Amino acid sequence: MCRALEHLPITCLERAKELKARFGNFLLKQELNIMGHSQKTDKLTLENRQKWSQSFHELLLHKEGLCAFTAFLSSEFSEENIAFYLACEDYRNTKNSSKLCCKAKKIYEEFICSDSPREVNLDHETKTITLKNMEQPNQSCFTLAQSKIYTLMEKDCYPRFLKSTVYQELITQHLG
C-alpha cells in the first residue's frame, strides 16, 4: 500500500490529508459534545477567531478552536498530544474517587508507557514521576506530564497551526 502512495501526485496526497483533517474535525465535535468539554458556545466571530492567534489557552477554550487545532494535529499525525491533554482534563475533573485508579491506569497505558498505542513525547523523569504518582491516584496525578505536553503544543504545534491552511480558512471563512 505504501508503495502505491509513492506514485500519486503530491496534490492528491495533500488533498487526502486535508480531507482526513476535515473529517476528523467533525468526529471531534461529536466527541466534545459527549465529553462536555470547551464550554464556550457563543457566536463565533472574526474577533474570537483572531484571539486564537494571541493565546493558545483561548484557542482551547472554544469548541471550534479546539476542533480546528485537533484537525491540524491529525493532519500532522500528532493528535495523541491533544487527546492526552483532554484525557488529563477529564481525569482531573473526575469527582468519583473510586474511578480515579481505573482512569489513571487507562491514561498511563494509552499515552505514557513505552510502546503504548498513542505514546506522547515525555522525558524519562516525567514518566517516572507520573508512575510514582499513580501509586496513590488523585486529581493531580498527571499534572506534570500534562503541563509538559501543553508546553510542547504551545511552543511547537501552535505556531505551525497559526500558519496552516486550517487556521487561515477559518479566518477567511468569516470574511467570505
Side-chain angles (χ1 to χ4, degrees), residues 1-93 107 110-112 116-123 126 142-143 145-176:
M1 168 123 175
C2 291
R3 289 182 187 160
L5 291 177
E6 291 174 350
H7 302 292
L8 287 174
I10 296 294
T11 53
C12 289
L13 294 174
E14 288 173 357
R15 182 69 179 145
K17 200 184 233 189
E18 181 184 324
L19 289 172
K20 178 185 182 250
R22 288 179 188 233
F23 183 65
N25 192 2
F26 292 119
L27 292 176
L28 181 67
K29 282 183 183 179
Q30 297 286 333
E31 185 177 315
L32 291 175
N33 286 335
I34 293 167
M35 289 175 56
H37 186 74
S38 191
Q39 298 301 317
K40 287 195 176 182
T41 56
D42 54 333
K43 186 176 180 191
L44 190 60
T45 64
L46 179 60
E47 183 181 325
N48 285 339
R49 292 176 189 180
Q50 289 173 333
K51 282 182 187 177
W52 299 347
S53 67
Q54 298 163 3
S55 165
F56 181 57
H57 179 72
E58 188 71 28
L59 172 75
L60 297 182
L61 286 177
H62 286 271
K63 191 180 293 186
E64 292 82 0
L66 181 58
C67 287
F69 185 66
T70 301
F72 169 74
L73 290 178
S74 293
S75 74
E76 293 203 331
F77 304 102
S78 62
E79 67 272 8
E80 69 278 356
N81 293 321
I82 196 70
F84 173 71
Y85 175 81
L86 293 174
C88 290
E89 285 294 295
D90 178 58
Y91 177 83
R92 194 168 49 86
N93 293 320
I107 291 171
E110 185 173 353
F111 297 105
I112 298 177
S116 62
R118 299 168 79 187
E119 185 177 2
V120 291
N121 189 10
L122 293 171
D123 58 273
T126 303
F142 294 101
T143 301
Q146 184 184 23
S147 172
K148 298 260 181 168
I149 294 303
Y150 181 92
T151 302
L152 173 75
M153 290 189 298
E154 183 178 38
K155 302 291 183 210
D156 183 47
C157 306
Y158 176 61
R160 287 195 319 273
F161 167 72
L162 294 177
K163 295 174 186 170
S164 73
T165 56
V166 172
Y167 179 70
Q168 296 306 318
E169 284 178 5
L170 280 172
I171 295 298
T172 56
Q173 220 175 35
H174 189 272
L175 298 173

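These numbers come from a predicted model, not from an experiment. Hydrogens, waters and symmetry mates play no part in the numbers below; they use all other heavy atoms, side chains included.
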Shortest non-hydrogen contact from [X] to [Y]?
| X | Y | answer |
| --- | --- | --- |
| Met153 | Ile82 | SD-N, 3.8 Å |
| Trp52 | Leu162 | O-CD2, 4.1 Å |
| Ser53 | Tyr158 | C-OH, 3.2 Å |
| Ile107 | Cys88 | CD1-N, 4.4 Å |
| Ile112 | Glu119 | O-OE2, 4.0 Å |

Task: Sub-4.5 Å side-chain heavy-atom contact between Leu66 and His62 - done: no
TODO: May I ask you to test the Leu60-Tyr150 pair for a side-chain heavy-atom distance under 4.5 Å?
DONE: yes
Open item on the list: Can you confirm if the aromatic rings of Phe69 and Phe56 lie within a centre distance of less than 6.0 Å?
Closed with: yes
Open item on the list: Under 6.0 Å between ring centres: does that hold for Phe142 and Tyr91?
Closed with: yes
To the nearest 0.5 Å, what is the distance between [atom1] ([X]) and [atom2] ([Y])?
| X | Y | atom1 | atom2 | answer |
| --- | --- | --- | --- | --- |
| Leu59 | Tyr167 | CG | OH | 8.5 Å |
| Thr126 | Asp123 | OG1 | CG | 3.0 Å |
| Ile149 | Phe84 | CD1 | CZ | 6.0 Å |
| Gln146 | Asn81 | CD | CG | 12.0 Å |
| Lys163 | Gln168 | NZ | CD | 10.5 Å |

Task: Other residues, nucleotides, ligands: >12 heavy atoms within 6.0 Å of Asn121 CG - done: no
Task: Residues in side-chain contact (heavy atoms from CB on, under 4.5 Å) contact with Arg118, at least two apart in sequence or another chain - done: Glu80, Ala83, Glu110, Phe111
- [ ] Check for a donor-acceptor pair, side chain of Asn93 on one end and backbone N or O of Glu89 on the other, with a separation under 3.5 Å.
- [x] yes
